[in-house]
J.: 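Dumping the structure here so I can ask a few things about it.
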Protein chains: 2
Amino acid sequence: MGALQSIAKAPRARPSLALLPFDTIIAGDCIAEMAKLPDKCIDMIFADPPYNLQLGGDLFRPDGSQVDAVDDDWDKFDTFATYDRFTRLWLAEARRILKDDGTIWVIGSYHNIFRVGVGLQDAGFWVLNDIVWRKANPMPNFKGTRFTNAHETMIWAAKSAKSRYTFNYRAMKALNDDVQMRSDWELPICGGQERLKDEDGTKTHPTQKPESLLYRVMLAASRPGDIVLDPFFGTGTTGAVARRLRRRWIGIEREPKYIAAAHERIAGTLPLDESAMEGMPERKGQKRVAFGLLVESGVIAPGTRLCDARRRWHAEVKMDGSLVHETLAGSIHKVGAMLQGAPSCNGWSFWHIEEAGGLVAIDALRQRHLAG
Amino acid sequence: MGALQSIAKAPRARPSLALLPFDTIIAGDCIAEMAKLPDKCIDMIFADPPYNLQLGGDLFRPDGSQVDAVDDDWDKFDTFATYDRFTRLWLAEARRILKDDGTIWVIGSYHNIFRVGVGLQDAGFWVLNDIVWRKANPMPNFKGTRFTNAHETMIWAAKSAKSRYTFNYRAMKALNDDVQMRSDWELPICGGQERLKDEDGTKTHPTQKPESLLYRVMLAASRPGDIVLDPFFGTGTTGAVARRLRRRWIGIEREPKYIAAAHERIAGTLPLDESAMEGMPERKGQKRVAFGLLVESGVIAPGTRLCDARRRWHAEVKMDGSLVHETLAGSIHKVGAMLQGAPSCNGWSFWHIEEAGGLVAIDALRQRHLAG
DNA sequence: CCCATTGTTGAATCTTTAG
DNA sequence: TCTAAAGATTCAACAATGG
């Protein structure tokens with residue numbers, strides 16, 4: 001297979017730091033091409049390696065349409081052992097070319113992220129955080145067989161425990177309404193105008209990452225002028241954001257189609273004005289509280305009887321947060337609607353609970369819970 | 001010392017399933033005590049293994065000898081190898097005693113969760129989800145050197161890829177305001193009245209998990225009467241929630257202090273009323289009703305015309321319960337699929353019948369029939 | 001032009017039972 | 001062990017369409 005042989009053939013003489021190819025895409029295998037770069041020349045690495053998804057057959061949505069799966073050859077590995085070997089090889093090169101105070105980010109899902117994490121730790125990297133990218137709009141689980149796979153994980157690691165790495169704490173805090181940035185980030189998936197499409201309208205790359213994600217990564221852990229390497233460059237999200245944030249970048253990519261798309265895309269991206277480097281629109285999700293959460297956290301006990309404001313209807317809270325009135329069962333909203341024969345109903349204001357002072361809308365309990 | 005020697009000494013004769021010690025805490029080392037349990041006797045395992053070798057005391061060198069404390073001279077690899085060895089040992093026992101259709105949950109942080117994930121995958125477990133517990137109120141990062149560590153990760157895995165595991169999809173959906181539950185759960189950390197304190201006011205256990213977390217875990221992946229094992233029982237959150245949700249439980253714990261606290265706590269926990277335990281019924285496993293039965297029993301008369309929700313297609317019910325549209329004939333599912341050109345179709349939700357108030361899905365007729 | 005409605009899609013390890 | 005049939009199953013964002 002390609003990678004291993006390429007490594008063996010890698011030239012011993014590497015270009016000097018001054019001759020590093022900045023702001024370009026290197027066509028080729030990531031391990032072989034990293035092998036040609038000098039030691040300790042990179043400030044930050046962002047890597048989006050294959051996830052090794054191991055998909056089975058076709059998957060259809062409830063409406064009968066078929067899910068466009070990631071079935072590309074580059075995501076296929078025989079066994080975990082093969083994947084581990086691949087991971088250790090590219091991580092070893094990545095570690096060699098990373099400056100002593102540099103950091104690496106790797107993104108993945110439960111299919112591969114544990115292998116990556118162990119690879120990083122065993123190679124001597126020092127994990128700083130695992131960051132959860134909470135997708136605002138993930139693909140649902142169509143068959144109702146598992147929890148919606150609604151996040152991906154990034155591991156952020158320094159080259160060693162002693163590294164004096166870059167972390168722009170104040171920039172992150174500013175980006176987050178003046179409270180510390182947490183290890184979970186809610187961002188939408190890549191879609192709309194940002195998503196690259198071929199002429200036939202199909203997506204150019206199956207797993208294009210959103211620029212907002214790279215924006216936050218780079219703003220957190222690099223400085224203007226830094227050299228950012230992406231060994232799995234794809235359609236160049238890392239390059240586009242690096243250019244926008246005035247970082248230098250190097251991309252390594254094998255597929256000519258992706259390289260062409262990335263070139264065009266990055267050429268169309270303008271560096272930000274110095275003055276504009278401060279922020280980027282972010283969606284701050286307003287807090288949503290499910291009724292079930294109040295049950296789980298003991299605010300409302302299973303078995304509690306609710307009624308409407310005029311005590312005409314009653315229903316009992318079950319342990320899963322559903323409401324039951326005789327043969328009717330469902331959410332607080334649905335049962336309220338069915339009882340009234342209405343098309344919809346706001347269960348938060350419709351249902352009440354008996355307290356010492358009289359009836360209290362369950363919305364009041366929610367507010368209390370939110371207030372802590 | 002414990003575990004390794006105990007394993008070697010583990011008796012070959014294990015108690016029969018009927019003699020399993022339910023609803024009790026076994027005092028001892030988790031590996032040694034699991035080794036005494038029979039094969040395939042557990043429905044669900046929840047494990048909160050030590051993250052930190054120093055705190056847990058579960059220190060074994062690769063050769064099996066015990067280590068008193070973490071020595072600064074140790075290099076990281078040795079430490080990781082030791083932790084991996086410990087992980088593989090307890091996971092092997094866990095896998096042996098788990099029923100073929102059982103599942104395991106393991107919670108951890110970036111310090112250990114990658115090692116656990118690889119251990120699970122290498123042992124043959126089949127990862128179903130990684131679940132992120134987003135802490136509503138995490139400890140801030142005081143030094144401002146990293147992102148606030150605001151989450152922990154749980155891995156949910158079946159014994160094998162072929163397992164027919166329990167997932168109470170509808171209960172989870174009910175708990176989440178009628179949208180399917182995602183892989184990221186926001187729950188508060190354990191505090192307030194729930195947090196166990198010693199007489200001097202210090203917390204009894206350093207990492208007591210909130211009951212709301214276990215509540216959701218158990219509600220999702222087990223059934224009343226199931227046997228839930230927690231090999232790192234601590235102060236018994238798993239036992240308390242199991243009792244509340246009418247599951248049977250087994251805890252293994254080494255520290256007498258934790259065992260005492262757990263006993264007292266669980267004794268003070270009451271099972272939910274039977275009536276509160278009836279939430280949203282899972283469709284899976286319900287009695288199946290053939291469409292023909294509704295025709296036979298007169299709920300739907302032969303000759304009735306059915307149509308889809310938007311009245312685009314029509315078909316007629318025949319006396320044998322088949323459906324006919326022009327030259328097409330077959331089951332409600334097959335005719336619906338053929339008309340839409342879809343690979344499959346749920347005829348119960350696709351086909352409707354004209355009633356006084358408008359169109360009604362034939363599934364509603366089925367539910368009525370089932371209700372009697 | 002605006003608003004409501006309908007259709008499309010995204011890193012997905014995605015069914016169960018009878019015969 | 002296999003095959004065939006029954007039957008259960010989706011959320012948010014965005015684009016396109018139509019009035």
Side-chain angles (χ1 to χ4, degrees), chain A residues 48-72 74-77 80 107-113 133 135-153 186 188-195 197 201-203 205-210 232 234 283 285, chain B residues 121 125-130 157-158 160-165 167 169-170 173 176-183 282-292 310 321 330-334 336-337 342-351 362-363 366:
Chain A
D48 183 11
Y51 286 10
N52 187 23
L53 282 188
Q54 311 169 73
L55 300 181
D58 294 337
L59 178 63
F60 294 90
R61 297 186 176 84
D63 67 4
S65 63
Q66 185 173 354
V67 173
D68 183 13
V70 179
D71 53 3
D72 306 69
W74 50 252
D75 197 48
K76 291 189 167 53
F77 295 83
F80 279 131
I107 186 167
S109 66
Y110 66 83
H111 308 86
N112 71 322
I113 198 67
W133 168 29
K135 301 181 185 185
N137 46 346
M139 175 149 31
N141 181 292
F142 295 114
K143 303 297 188 189
T145 54
R146 304 179 177 191
F147 297 97
T148 307
N149 206 346
H151 74 276
E152 293 186 24
T153 302
E186 175 166 344
I189 62 176
C190 182
Q193 294 303 310
E194 186 185 331
R195 188 83 194 217
K197 300 275 171 63
T202 59
K203 56 194 176 196
H205 193 286
T207 70
Q208 185 182 340
K209 295 293 176 288
F232 306 94
R283 26 184 322 102
Chain B
Q121 289 176 320
F125 287 100
W126 187 246
V127 177
L128 298 168
N129 279 112
D130 57 333
S160 81
K162 294 189 297 279
S163 295
R164 301 178 42 155
Y165 55 91
F167 178 53
Y169 174 76
R170 302 195 20 123
K173 192 169 172 175
N176 195 38
D177 268 4
D178 270 349
V179 293
Q180 55 178 215
M181 188 72 81
R182 300 167 38 118
S183 56
E282 298 296 324
R283 279 262 166 108
K284 190 165 48 178
Q286 261 191 349
K287 197 168 134 191
R288 292 165 78 118
V289 174
F291 182 68
R310 292 166 57 193
S331 70
I332 53 173
H333 313 290
K334 196 174 261 180
S344 72
C345 165
N346 181 352
W348 290 107
S349 54
F350 180 75
W351 292 110
I362 58 176
D363 187 47
R366 174 171 62 163

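The sequence lines fix the lettering, A, B, ..., with proteins before strands; numbering per chain opens at 1.
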J.: Could you pull out all residues at least two apart from A:Lys197 that satisfy side-chain contact (heavy atoms from CB on, under 4.5 Å)?
T.: A:Arg195
J.: State which residues pass salt bridge (Lys or Arg N to Asp or Glu O under 4.0 Å) with A:Lys203; sequence neighbours excluded, sorted by chain then number.
T.: A:Asp68
J.: Tabulated below should be each protein N or O lying under 3.5 Å from an N or O of nucleotides 14-19 of chain D; please produce it.
T.:
unit_1	atom_1	unit_2	atom_2	d
D:dA15	OP1	A:Gln193	NE2	2.9

J.: Rounding to a whole Å, what distance do you find between B:Asn176:CG and D:dC11:C1'?
T.: 11 Å
J.: Determine the interatomic distance between C1' on C:dC1 and the same-named atom on D:dT17; round to the nearest Å.
T.: 15 Å
J.: When the C1' atoms of D:dT10 and C:dG10 are compared, how many Å lie between them, rounded to an integer?
T.: 12 Å
J.: Side chains of B:Tyr169 and B:Gln180 only: does a donor on one sit below 3.5 Å from an acceptor on the other?
T.: yes
J.: I'd like to check the salt bridge (Lys or Arg N to Asp or Glu O under 4.0 Å) partners of B:Lys173; sequence neighbours left out, ordered by chain and number.
T.: none
J.: Identify, with sequence neighbours excluded, every residue that meets ring-ring contact (aromatic ring centres under 6.0 Å, His included) alongside B:Phe167.
T.: A:Phe147, B:Trp156
J.: B:Asp363: which residues meet the salt bridge (Lys or Arg N to Asp or Glu O under 4.0 Å) condition with it, sequence neighbours left out?
T.: B:Arg283, B:Arg366
J.: For A:Phe60, check side-chain contact (heavy atoms from CB on, under 4.5 Å) against everything at least two apart and list the hits.
T.: A:Asp58, A:Gln66, B:Pro343
J.: Once ring-ring contact (aromatic ring centres under 6.0 Å, His included) is applied, do any residues pair with A:Phe232, and if so which ones, sequence neighbours excluded?
T.: A:Trp90
J.: Mind checking B:Arg366 for me? I need base, sugar-phosphate or nothing, with any heavy atom below 4.0 Å counting as a touch.
T.: sugar-phosphate
J.: So which nucleotide from D:dT9, C:dT17, D:dT10 ends up closest to the side chain of B:Arg283?
T.: D:dT9
J.: Whole angstroms only, please: what is the CD-C1' distance between B:Gln180 and D:dA12?
T.: 12 Å
J.: Just label C:dT6 as syn or anti from its O4'-C1'-N9-C4 or O4'-C1'-N1-C2 angle, using within 90° of 0 for syn.
T.: anti
J.: Nucleotide by nucleotide, 5' to 3', does protein get under 4.0 Å of the base (B), only the sugar-phosphate (S), or neither (-) in nucleotides 9-15 of chain C, counting heavy atoms?
T.: BBBBBBS
J.: To check you understand the geometry: which heavy-atom pair defines the closest contact between A:Arg146 and B:Leu128, and what is its length?
T.: NH1-O, 3.0 Å
J.: Select base, sugar-phosphate, or nothing to describe what A:Phe60 touches, counting heavy atoms under 4.0 Å on all strands.
T.: nothing
J.: Can you identify which nucleotide, out of D:dG7, D:dT9, C:dT6, has its nearest atom closest to the B:Ser344 side chain?
T.: D:dG7
J.: Run the ring-ring contact (aromatic ring centres under 6.0 Å, His included) test against B:Trp126 and tell me which residues pass, sequence neighbours left out.
T.: none
J.: Where does DNA chain D form stems of at least three consecutive Watson-Crick or G-U wobble pairs, each pair having both distances below 3.5 Å?
T.: C:2-10 with D:11-19, C:15-19 with D:2-6
J.: Phosphate oxygens OP1/OP2 of D:dG7: is one of them under 4.0 Å from a side-chain N or O of B:His333?
T.: yes
J.: Output all residues satisfying side-chain contact (heavy atoms from CB on, under 4.5 Å) with B:Arg310, sequence neighbours left out; order by chain, then residue number.
T.: B:Asp308, B:Arg312
